[in-house]
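Notes follow once the structure below has been shown.
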Protein chains: 2
Amino acid sequence: MDKKSYRSSIISTATRLFAESGLYGVSIRELSAAAGVSISMISYYFEGKESLYASVLQEQFSCFEYLQTIRDKSATPLEKIEDYIRWSIQRNRDYPFLLRYYTSELTNPTRHFSVIVQPALEKALQTLVEIIKEGIDKKLFRDELDPEDTALAMAGMVNYYFLSRLATQEFINHSPERDEELIRHYMDIFTKGL
Amino acid sequence: MDKKSYRSSIISTATRLFAESGLYGVSIRELSAAAGVSISMISYYFEGKESLYASVLQEQFSCFEYLQTIRDKSATPLEKIEDYIRWSIQRNRDYPFLLRYYTSELTNPTRHFSVIVQPALEKALQTLVEIIKEGIDKKLFRDELDPEDTALAMAGMVNYYFLSRLATQEFINHSPERDEELIRHYMDIFTKGL
DNA sequence: GTCTATATTGCGATAGAC
DNA sequence: GTCTATCGCAATATAGAC
């Protein structure tokens, strides 16, 4: 089936398995079996399990580089916020396991947190903070708003939609077809309040 | 120091260690050493590591029972929302490890998820959904609001404040003294928008 | 109840054949 | 590059002494 190299086959299998069970919840035996390669291939292509995990993390968080594009855009703060929300949602669609690494590293950080995860998350939040500050400066948003708290609230809103999926899928429709409706709804809440 | 029994000493040590490293990230050797008891005490008081983890989960999620009190209160929907937010924040203060189990089980569910975690989270969200529906019925909130999405947005906002702590503590003050200010700010965002 | 000692299993890593 | 076989270690669990 797969015409991929062993190396990329290991990476993609590891991405799924580490996400599903965590770094310590999966053995390199299971992992190599699932990838259809011998156990020794993990040390051959990477420097062991720990290093494979770091490679997975690196790949997963590379999508945060797109933030610079939102930052550099010439658009109104409100348009930028919509861009940010749309990007956040699409990011979770394109990288279905990202949130697991994200939360796993936030709550049980490995030694890669400060190198890979923290900078990405900080950049994401700072981007949002800048947009909100710009909106306050231009008198588009109320100046009672605390930019940091507001940014965190927005980011939390979107991420929690995906994070809570397993507990809410019985009564909340999580299908991608509803994503644009969701964006409109989130923008609506934040611009008009209840 | 501790006048507690071995059983409760094991539980409280396990609560911290499982939270810090996950179920598979800590061995019963470390755990018993940290608790100052022999390794065999874990099988004596519990039925092994897995069962100890279940006991920890059960204890951590018992605080969701308080939700009934909010539900039964006679208060306006807006007051109930403020109660809910205050309870959420206080819950994270009183149970500093709860969010780790919460997110760990949401992203890497063990076999206890559906028994202990899912019911608690569903009840929390449904409580919020009911409050919002009541507000819409009484024409206090706009009827364009989707109750489920709005409830999820609120819950996400509060939880993300705590979840993101490790990545945001450099530029966001997380001290409990600021909790009431935070509640006012969240209520402000949701009632007035940006 | 609590301990030490041990049985057994599975782990990560690698040597060496091909 | 890729495999099999194996080393050395750490895991959980428990038997049996006290």
Side-chain angles (χ1 to χ4, degrees), chain A residues 1-59 100-101 104-105 108-113 115-116, chain B residues 1-59 100-101 104-105 108-113:
Chain A
M1 297 284 179
D2 269 331
K3 279 286 166 203
K4 295 186 293 180
S5 72
Y6 276 11
R7 190 179 198 283
S8 61
S9 164
I10 291 170
I11 277 253
S12 68
T13 305
T15 301
R16 183 172 55 82
L17 291 187
F18 283 151
E20 281 168 9
S21 314
L23 173 55
Y24 305 112
V26 58
S27 69
I28 57 167
R29 281 183 152 78
E30 294 174 64
L31 209 155
S32 55
V37 301
S38 140
I39 190 175
S40 55
M41 289 297 94
I42 283 157
S43 280
Y44 181 76
Y45 283 111
F46 304 90
E47 285 94 64
K49 180 184 177 180
E50 173 81 25
S51 161
L52 168 58
Y53 177 79
S55 299
V56 169
L57 267 194
Q58 195 80 64
E59 194 185 85
R100 304 200 183 188
Y101 291 103
S104 161
E105 285 287 332
N108 307 134
T110 64
R111 61 195 180 81
H112 309 105
F113 174 78
V115 190
I116 301 173
Chain B
M1 294 283 183
D2 269 331
K3 279 286 165 202
K4 296 186 292 182
S5 71
Y6 276 10
R7 190 179 196 282
S8 62
S9 164
I10 290 170
I11 277 253
S12 69
T13 306
T15 301
R16 183 171 55 82
L17 291 187
F18 284 150
E20 280 167 9
S21 315
L23 173 55
Y24 305 112
V26 58
S27 69
I28 56 167
R29 275 181 156 79
E30 294 173 66
L31 210 155
S32 56
V37 300
S38 144
I39 190 175
S40 54
M41 289 296 95
I42 283 157
S43 280
Y44 181 77
Y45 283 111
F46 304 89
E47 285 93 64
K49 181 185 176 180
E50 173 81 26
S51 160
L52 168 58
Y53 177 79
S55 299
V56 169
L57 267 193
Q58 195 80 65
E59 195 186 83
R100 305 201 182 187
Y101 292 102
S104 162
E105 285 288 332
N108 307 135
T110 64
R111 62 196 179 80
H112 309 104
F113 175 78

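Proteins get letters first, then strands, A, B, ... in listed order; numbering begins at 1 in each.
Taking atom CE on B:M41 and atom P on D:dG16, their separation rounds to 16 Å, with Å as the unit. In this structure, B:I28 places its CD1 atom 8 Å from C1' of D:dA11, rounding to the nearest Å. The separation between A:Y45 atom OH and D:dC3 atom P is 9 Å, rounded to whole Å. The interatomic distance linking A:E50 (CD) with C:dC11 (P) rounds to 17 Å, in whole Å. With rounding to whole Å, A:I42 atom CD1 is found 17 Å from C:dA15 atom P. Per the geometry, CZ belonging to A:R7 stands 12 Å off P belonging to D:dT2, to the nearest Å. Computed from coordinates, the B:L52 CG to D:dT12 C1' distance equals 13 Å when rounded to whole Å. What separates CZ of B:R29 from P of C:dT6 is a distance of 13 Å, to the nearest Å.
Projected onto DNA chain C by closest heavy-atom contact, A:E30 and A:S40 fall at different nucleotides, the more 5' of which corresponds to A:E30.
The side chain of A:I39 has C:dA13 as its nearest neighbour among D:dT12, D:dT2, C:dA13. Nearest to the side-chain atoms of B:K49 among the listed nucleotides C:dA13, D:dA13, D:dT2 stands D:dA13.
Between B:A19 and B:R100, the shortest heavy-atom contact is O-CD, 3.2 Å. Among all heavy-atom pairs drawn from B:F46 and B:S51, the shortest one is CB-OG, 4.1 Å.
As judged by a 4.0 angstrom heavy-atom cut-off over every strand, A:S27 is placed among residues touching the sugar-phosphate backbone only. The residue B:Y6 sits close only to the backbone: its heavy atoms come under 4.0 Å of sugar-phosphate atoms, none of a base.
For A:F113, the CZ atom is densely surrounded, since the number of other residues' heavy atoms within 6.0 Å is greater than 12.
Aromatic ring centroids of B:F18 and B:Y53 lie under 6.0 Å apart.
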